Amino acid sequence: MNPYYHRATFLISAAQISQTPPDEGYEVAFAGRSNAGKSSAINTLCQQKSLARTSKTPGRTRLLNFFELDEERRLVDLPGYGYAKVAESVKNQWQQSLAQYMEQRQCLKGLILLMDCRHPMPDFDRQMLDWNVHNGFPTHILLTKSDKLKKGPANSALLKMRREIAHYGDTVSVQLFS
Ligand SMILES: Nc1nc2c(ncn2[C@@H]2O[C@H](COP(=O)(O)OP(=O)(O)OP(=O)(O)O)[C@@H](O)[C@H]2O)c(=O)[nH]1
Ligand SMILES: [Mg+2]
């Protein structure tokens, strides 16, 4: 594991695009359905238990959370999409911030797209992936919670996903993750 990430610190939570840090340097954002494991993956990567807040209840991350690796580089924990049990008004506000961030952010350089390995690639994920590729963002897919599957089914899920993304070429890659 890269010790560089262990020094990550929480920078700021933004409810709106106007509250985000200056649009400079380089950001990699973690996107995916609610409960896919975005916040957990940031904690695993940075080897810090509670850097990003996680929860059993989908819809935990409602803000854009920025973590600083150094003066130029940041990781961003994005609100999850596709979670039905949130009031429409709240959902609209956080989806709007998410869309604005992805469309406008100049320093966004790539995405980590997280999917539960047991239910990969629902429509939302496919749309997100198409959007990323269309906009030229390299995307690495993490098939999360792979500890919940035995080795055989986990590997089948990985192979299936590799076949699904083959037509995107080098811009999209995938691995199992837990
Ligand atoms: N077994 C297992 N559980 C995991 C893994 N990753 C996340 N979880 C659990 O899944 C739940 C959701 O994880 P979060 O990291 O909060 O998910 P999120 O994508 O940030 O969710 P939102 O913030 O709601 O969008 C938590 O209960 C985690 O403990 C994993 O790799 N294995
Ligand atoms: Mg989260």
Side-chain angles (χ1 to χ4, degrees), residues 1 5-6 8-17 19-20 27-69 74-102 105 108 110-129 131-132 137 139-158 160-161 173-178:
M1 199 72 75
Y5 289 90
H6 304 172
T9 52
F10 172 73
L11 186 62
I12 197 168
S13 292
Q16 293 162 10
I17 236 40
Q19 297 163 339
T20 55
E27 283 173 0
V28 169
F30 287 61
R33 275 177 75 87
S34 279
N35 209 242
K38 298 174 291 297
S39 304
S40 304
I42 290 180
N43 290 341
T44 302
L45 183 65
C46 297
Q47 290 198 346
Q48 299 185 40
K49 276 204 178 99
S50 44
L51 183 64
R53 284 199 202 133
T54 65
S55 171
K56 282 200 178 85
T57 315
R60 180 66 188 84
T61 308
R62 299 176 176 204
L63 304 162
L64 299 140
N65 294 304
F66 292 80
F67 302 94
E68 190 171 59
L69 298 177
R74 292 174 295 276
L75 301 179
V76 187
D77 189 9
L78 297 175
Y81 45 79
Y83 178 53
K85 284 190 198 155
V86 174
E88 212 51 40
S89 57
V90 176
K91 205 158 54 174
N92 287 345
Q93 138 96 80
W94 99 57
Q95 297 301 310
Q96 197 186 351
S97 315
L98 173 64
Q100 275 183 341
Y101 170 81
M102 293 196 56
R105 195 77 171 163
L108 178 63
L111 285 127
I112 308 293
L113 180 56
L114 293 92
M115 305 176 197
D116 188 320
C117 67
R118 297 163 297 175
H119 324 282
M121 218 49 137
D123 285 352
F124 282 126
D125 290 331
R126 205 176 297 279
Q127 279 169 26
M128 175 68 86
L129 192 53
W131 189 91
N132 294 351
F137 290 117
T139 303
H140 185 60
I141 299 172
L142 296 182
L143 292 176
T144 59
K145 312 192 187 185
S146 62
D147 54 305
K148 298 261 190 186
L149 287 181
K150 294 212 165 80
K151 216 173 168 188
N155 280 328
S156 309
L158 177 62
K160 188 162 175 257
M161 186 59 68
S173 50
V174 61
Q175 72 169 94
L176 289 169
F177 188 84
S178 73

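Everything numeric in this text was worked out from a predicted model, so none of it was measured. As the structure lists them, so they are numbered: ligands from 1, and atoms in each ligand from 1. Side chains included, hydrogens not; waters and symmetry mates left out as well; all remaining heavy atoms used.
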Undergrad: Any atoms of ligand 1 less than 4.0 Å from a non-hydrogen atom of Lys38? List them with their elements.
TA: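 Here the atoms of ligand 1 in question are 15 (O), 17 (O), 18 (P), 19 (O), 20 (O), 21 (O), 22 (P), 25 (O).
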
Undergrad: Counting heavy atoms only, which part of Thr54 comes closer than 4.0 Å to ligand 1: side chain, backbone, both or neither?
TA: both

Undergrad: Are Glu27 and Tyr101 linked by a side-chain donor-acceptor pair shorter than 3.5 Å?
TA: yes

Undergrad: Can you see whether Gln175 engages His140 through a side-chain donor-acceptor pair at a distance of less than 3.5 angstrom?
TA: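 Present: a donor and an acceptor within the cut-off.
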
Undergrad: Go through the steps for Phe137 and Trp131 under the test side chain to side chain contact (heavy atoms under 4.5 Å, CB included), then give the verdict.
TA: CA-CA 9 Å; Phe137 290 117; Trp131 189 91; 3.6 Å; yes

Undergrad: For the backbone of Phe177 and the side chain of Ser146, can you confirm whether one donor and one acceptor N or O come within less than 3.5 Å of each other?
TA: yes

Undergrad: Could you tell me whether the side chain of Gln47 and the main chain of Thr44 form a donor-acceptor pair under 3.5 Å?
TA: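 Pair absent, no side-chain N/O of Gln47 close to backbone of Thr44.
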
Undergrad: Would Gly32 count as a contact residue for ligand 1, given that I'm defining contact as a non-hydrogen atom of the residue lying under 4.0 Å from a ligand atom?
TA: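 For ligand 1, residue contact (heavy atoms, under 4.0 Å) with Gly32 is absent.
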
Undergrad: For atom 5 (C) of ligand 1, what's the nearest protein heavy atom and its distance?
TA: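 Nearest neighbour among protein heavy atoms for atom 5 (C) of ligand 1, to 0.1 Å: Lys145 CG, 3.6 Å.
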
Undergrad: Test your reading of the structure: does Ala36 have an N or O sitting under 3.5 Å from an N or O of ligand 1?
TA: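 Yes; the residue has a nitrogen or oxygen that sits under 3.5 Å from a nitrogen or oxygen of the ligand.
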
Undergrad: Counting each atom of ligand 1 from 1 as listed, which ones have a heavy atom of Gly80 under 4.0 Å away?
TA: 25 (O)

Undergrad: By the definition side chain to side chain contact (heavy atoms under 4.5 Å, CB included), identify the one residue from Thr20, Leu64, Asn65, Asp77 that meets it with Ser13.
TA: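 For Ser13, the side chain to side chain contact (heavy atoms under 4.5 Å, CB included) test succeeds with only one of Thr20, Leu64, Asn65, Asp77, which is Asn65.
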
Undergrad: I'd like to check which ligand 1 atoms, numbered from 1 as shown, lie under 4.0 Å from a non-hydrogen atom of Gly37.
TA: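 It comes down to these atoms of ligand 1: 7 (C), 13 (O), 14 (P), 15 (O), 17 (O), 18 (P), 19 (O).
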
Undergrad: I'd like to check which ligand 1 atoms, numbered from 1 as shown, lie under 4.0 Å from a non-hydrogen atom of Ser40.
TA: 6 (N), 7 (C), 13 (O), 14 (P), 15 (O), 28 (C)

Undergrad: Could you find the nearest protein heavy atom to atom 21 (O) of ligand 1 and give me its residue, atom name and distance?
TA: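 Sorting protein heavy atoms by distance from atom 21 (O) of ligand 1 puts Asn35 N, 2.9 Å first.
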
Undergrad: Could you tell me, atom by atom, which parts of ligand 1 come under 4.0 Å of a heavy atom of Ser178?
TA: 31 (O)

Undergrad: Okay, side chain of Ser97, backbone of Ala15: is any donor-acceptor separation there less than 3.5 Å?
TA: yes

Undergrad: Has Ser34 got an N/O/S atom less than 2.8 Å from the Mg ion (ligand 2)?
TA: no

Undergrad: Please determine whether side-chain hydrogen bond (donor to acceptor under 3.5 Å, both in side chains) holds for the pair Thr144 and Asp116, giving the CA-CA distance in whole Å, both sets of side-chain angles, and the decisive distance to 0.1 Å.
TA: CA-CA 5 Å; Thr144 59; Asp116 188 320; 5.2 Å; no

Undergrad: Got the closest protein heavy atom to atom 24 (O) of ligand 1, with its distance?
TA: Gly59 N, 2.7 Å

Undergrad: Near Ser55, which atoms of ligand 1 are under 4.0 Å from a heavy atom of that residue?
TA: 11 (C), 12 (C), 13 (O), 16 (O), 26 (C), 27 (O)

Undergrad: What residue and atom, counting heavy atoms only, is the protein's closest point to atom 32 (N) of ligand 1, and at what distance?
TA: Asp147 OD1, 2.8 Å

Undergrad: Please confirm whether the backbone N or O of Arg33 pairs with a side-chain atom of Lys38, one donor and one acceptor, at under 3.5 Å?
TA: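 Looks like yes, one N/O pair under 3.5 Å.
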
Undergrad: Please assess Phe30 against Leu113 for the test side chain to side chain contact (heavy atoms under 4.5 Å, CB included), listing each intermediate value before the final yes or no.
TA: CA-CA 6 Å; Phe30 287 61; Leu113 180 56; over 6 Å; no

Undergrad: Could you give the distance from OG (Ser40) to CG (Leu142), rounded to the nearest 0.5 Å?
TA: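 Interatomic distance, Ser40 OG to Leu142 CG, rounded to 0.5 Å: 11.5 Å.
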
Undergrad: Tell me which protein heavy atom sits closest to atom 23 (O) of ligand 1, plus the residue, atom name and distance to 0.1 Å.
TA: Thr61 OG1, 2.7 Å

Undergrad: Show the atoms of ligand 1 that are less than 4.0 angstrom away from any heavy atom in Lys56.
TA: 27 (O)

Undergrad: Consider every N or O of Ser39 and every N or O of ligand 1, then say whether any pair is closer than 3.5 Å.
TA: yes

